[in-house]
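Taking it in order: structure first as structure tokens, then the write-up.
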2 protein chains.
Amino acid sequence: MSSDNLSTKNRILQAALDLLETSHGKGVRMSDIAKRAGISRQAVYLHYENRAALLIAATKYLDDLKDSNARLLASRTASTGMQRLDAYIEAWGEYIPEIYGVAKALMAMSDTDEAAYAAWDDRMQAMREGCAAAIEALHRDNMLSPTFSSEHATDILWTQLSVRNWEQLTQQCGWTQAQYIAAQKKLAHTCFVKA
Amino acid sequence: MSSDNLSTKNRILQAALDLLETSHGKGVRMSDIAKRAGISRQAVYLHYENRAALLIAATKYLDDLKDSNARLLASRTASTGMQRLDAYIEAWGEYIPEIYGVAKALMAMSDTDEAAYAAWDDRMQAMREGCAAAIEALHRDNMLSPTFSSEHATDILWTQLSVRNWEQLTQQCGWTQAQYIAAQKKLAHTCFVKA
DNA sequence: CTGTCAATTGACACGATGTCAAGTAAATTG
DNA sequence: CAATTTACTTGACATCGTGTCAATTGACAG
């Protein structure tokens, strides 16, 4: 409860985030995190039950640091549906590289750890809400293309904006971040905006 | 070299495939595979160097079983670019659920095992060739929309048809296989075919 | 001075992969 | 038929990472 306690807890989270960012989420062990936080491996467990809990806490900590909610909600203030769609694609798209390391680690853990899966799924459902809101805004403007239902359009946009897709396009295909954002906007217009 | 040897090797692969299919690639241990193949855990290593090698062999074995190459190449015989695009989306789309289990396991291993990564990457590059060929066919028919370059269109189609996206749309969004195929075709038409 | 709290150290269990040596049983070969 | 080879078995053991436990230390607070 003391501020020392808080400080150690945060030092652990910061250590985890540093390591996950530089290693792209791969091969970061509890002992590595402890070493970087300047404490013993066992002491980490005084603050976090297990690896999954630590990773989950790290993503929440990162959200606060980067003020992600504010950034994503900002897109909701756009006046037209199209502006709103663009703003959301940009806000989320610029956010992905900042969470990529932790996200990768959390996704990898999701395969084996129930809690990690739930935590990641929760975030992705929140992200889906943003997609649904953007599609809904288009619909209200009577600008939603009849090609797909609102429901299907949301599913497609949600999938299109996944972290895995960002990874593939930027890491494997060699797109720059700017190309990624521009292409996703163009793609969404082509698919969802009435001609 | 004897047919007994071959038979055991194949029994191991078949056991692995059976288990991976029913468990969706999660939590299949060497001992599980051995048990199902009816041999001791250690004996598996007489046939396959390690888990990664076994998984890689299993995907190749599955390809042969399902005659995947023939099915994917068949799309190349379509006369128009659009037919070719549709045929490829359908052939690959129908193939995904058949390899899903092994694919999931191989993708999970790719995080830690270099050889597994190389094997999976190799398959994905081959899949990308198919996408590139379909886009190229559209281009030759002068039916490729000017929205994206051939290169970018290939990247987008390749990403759109990823196993992860299939997984998200069918498992998380609850799409049926038929809905998935239909939507992917519609999506590709909207994005890549000249209006 | 005494208790509490954060952290340390060393030891250890577990699960999974992978290795090694010795042994067996059946088929193959001289 | 006897010797050898082949495929496999068994049991033991190393390694790595996670997670736990008990005993100890050092600081700080009442």
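Atoms considered below: every heavy atom in the structure, side chains included; atoms not considered: hydrogens, waters and symmetry mates. Letters A, B, ... mirror the listed sequences (proteins, then strands); counts begin at 1.
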Query - A:Y45 OH to C:dA7 P, straight-line distance once rounded to whole Å - result: 16 Å
Requested in this report: Evaluate salt bridge (Lys or Arg N to Asp or Glu O under 4.0 Å) for B:R29 paired with B:D32, printing each intermediate quantity in order.
Outcome: CA-CA 5 Å; B:R29 294 161 297 185; B:D32 298 325; 3.0 Å; yes
Query raised in the report: D:dT9, C:dT17, C:dA7: which one has an atom nearest the side-chain heavy atoms of B:R51?
Result: C:dT17
Query raised in the report: Which residues, if any, of residues 16-42 of chain B bring a heavy atom under 4.0 Å of DNA chain C?
Result: B:R29, B:M30, B:R41, B:Q42
Report task. Ignoring the backbone of A:T8, work out which of C:dG18, D:dT9, C:dA7 is nearest its side chain. Result -> C:dA7
Query raised in the report: Any luck finding a side-chain donor-acceptor pair between B:Q172 and B:E167 under 3.5 Å?
Result: no
Query - Length of the CE-P vector between B:M109 and C:dA16, whole Å - result: 14 Å
Query - Separation of atom CD1 in B:I12 from atom C1' in D:dC8, rounded to whole Å - result: 11 Å
**Report entry** Polar contact flag, side-chain donor to acceptor under 3.5 angstrom, B:D63-B:Y95
**Finding:** yes
Report summary line: Rounded to whole Å, the CG-P distance (A:L54 to D:dG19) equals 10 Å
**Report entry** Polar contact flag, side-chain donor to acceptor under 3.5 angstrom, B:E94-B:Q177
**Finding:** yes
Query raised in the report: In whole angstroms, how far is the C1' atom of D:dT18 from the CG atom of A:D113?
Result: 12 Å
Query raised in the report: Starting at NZ of A:K9 and ending at C1' of C:dA7, how long is that distance when rounded to a whole Å?
Result: 15 Å
Query raised in the report: With no hydrogens and no angle check, is any side-chain donor or acceptor of A:E21 less than 3.5 Å from a backbone partner on A:D18?
Result: no
Report task. Respond yes when some side-chain nitrogen or oxygen of B:H47 is under 4.0 Å from OP1 or OP2 of D:dA7, and no when none is. Result -> no
Query raised in the report: Can you say whether the rings of B:W166 and B:Y180 are parallel (under 30°), tilted (30 to 60°) or perpendicular (over 60°)?
Result: perpendicular
